[in-house]
Amino acid sequence: MADSWSTKLAQSWLASPGACLAMDAKLAQLMAVHWGRRGAGATAQLLLPMRCETTAASLIELGKQPDAAMSCTLLLVMLGELLLCAEHGGILRDDVMVERFAGGIVERWLAAEALRRLRNAACHPAAVVTSVKGDVGIVSFANFLITNFKRESWARGLRTQPGLLANRAVSLFALRMVNSIGWWQADHWDVRFAGLKPPGNPRAVS
């Protein structure tokens with residue numbers, strides 16, 4: 001799995017320093033509006049508590065450690081939240097940001113909603129009941145994948161073994177969602193990822 005992680009990360013926009021810097025600059029520009037900052041006070045270093053550039057570097061190093069999959073997943077879901085919410089200054093707690101991002105496009109909605117549910121599962125590991133249906137965050141995430149990402153065979157195991165959330169397969173899934181979301185946002189924000197190839201359908205397992 002470690003080799004698979006390195007390969008998939010290398011194929012994403014996160015492996016490009018230029019793409020990360022370009023995205024950081026745009027995210028800082030968006031956040032500057034919410035914070036009322038201009039000029040020298042509107043840099044990524046000052047406004048972004050999480051930058052694509054430094055997150056990517058951490059993912060590269062953490063990915064070398066067999067037991068660091070959960071750390072990779074956490075970094076990815078938080079970066080995904082930044083990508084999805086920076087424009088409106090909100091949080092990924094509910095589905096409002098997902099709907100805004102999707103704009104009625106099914107594949108975009110599926111990727112963002114999957115990331116939202118994974119974010120809730122990963123960031124609230126002690127949650128027991130989080131909905132009127134009695135689903136815990138991990139079960140809600142698993143059920144969503146079972147219904148909408150049928151090729152993710154590992155999702156079924158999460159319903160009875162929540163510890164599997166720390167598996168590398170989950171990190172690879174998160175990477176695929178963040179890669180797609182990053183490309184979609186780059187297109188929306190007119191950020192150019194020079195020399196890079198956009199991914200295919202995020203529901204496909206390659």
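It should be emphasised that the depicted structure is a prediction, and the values quoted were computed from it without experimental measurement.
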State, with a plain yes or no, whether a side-chain heavy atom of Thr55 is found less than 4.5 Å away from one of Leu76.
-> no

Side-chain donor or acceptor of Ser16 paired with backbone N/O of Trp13 under 3.5 Å | no

Straight-line distance of Leu82 CG to Leu48 CG, nearest 0.5 Å | 6.0 Å

Correct closest heavy-atom pair for Ala86 and His34 would be O-NE2, 2.8 Å

For the residue pair Asn143 and Arg159, confirm or rule out a side-chain donor-acceptor distance under 3.5 Å.
-> yes

Are Val96 and Val106 linked, directly or through other ILVMFWY residues, by side chains that come within less than 4.5 angstrom of each other?
-> no

Qualifying salt bridge (charged side-chain N to carboxylate O under 4.0 Å, His left out) pairs, either residue in residues 19-43, two or more places apart = none

Glu152 (side chain) donor-acceptor with Leu145 (main chain) under 3.5 angstrom | no

Do you know which two heavy atoms are closest between Cys123 and Met78, and how far apart they sit?
-> SG-SD, 3.6 Å

Are any non-hydrogen side-chain atoms of Leu118 and Phe144 less than 4.5 angstrom apart?
-> no

Could you go step by step and tell me if Asn179 and Leu14 meet the side-chain contact (heavy atoms from CB on, under 4.5 Å) rule?
-> CA-CA 7 Å; Asn179 189 38; Leu14 286 166; over 6 Å; no

Could you tell me which non-hydrogen atom of Leu59 sits nearest to which non-hydrogen atom of Trp5, and how far apart they are?
-> O-NE1, 3.4 Å

Distance from Arg203 atom CZ to Ser180 atom OG, nearest 0.5 Å?
-> 11.5 Å

Value for CG (Leu165) from CD1 (Ile138), rounded to nearest 0.5 Å, stands at 5.0 Å

Roughly how far apart are Trp35 CH2 and Leu30 CG, rounded to 0.5 Å?
-> 15.0 Å

Of the non-hydrogen atoms in Gly80 and Leu115, which two are nearest, and what is the gap between them?
-> CA-CD2, 3.4 Å

Tightest non-hydrogen contact, residues Ala111 and Trp184, listed as CB-CZ3, 3.8 Å

Straight-line distance of Met177 CE to Leu84 CG, nearest 0.5 Å | 12.0 Å

Closest approach of Leu75 and Ser58, non-hydrogen atoms and distance?
-> CD1-CB, 3.8 Å

So side chain to side chain donor-acceptor pair (under 3.5 Å) across residues 114-127, not counting sequence neighbours, yields Glu81-Arg119, Glu113-Arg116, Glu113-Arg117, Arg117-Ser140

Donor-acceptor contact present, side-chain Ser171 to main-chain Ala69, <3.5 Å | yes

Compare all side-chain heavy atoms of Leu27 with those of Leu83 and state whether any distance is below 4.5 angstrom.
-> yes

Side-chain (Arg108) to main-chain (Phe101) donor-acceptor, under 3.5 angstrom | yes

Could you tell me the separation between the NZ atom of Lys64 and the SG atom of Cys72, rounded to the nearest 0.5 Å?
-> 12.0 Å

Do the ring planes of Trp154 and Phe141 sit parallel (below 30°), tilted (30 to 60°) or perpendicular (above 60°)?
-> tilted

Taking it one step at a time, do Glu87 and Arg100 satisfy side-chain contact (heavy atoms from CB on, under 4.5 Å)?
-> CA-CA 10 Å; Glu87 188 165 358; Arg100 283 176 172 171; over 6 Å; no

Check whether any side-chain heavy atom of Arg176 sits under 4.5 Å from a side-chain heavy atom of Lys8, and report yes or no.
-> no

Kindly work out whether a path of hydrophobic side-chain contacts (I/L/V/M/F/W/Y, heavy atoms less than 4.5 Å apart) joins Leu158 to Ile146.
-> no

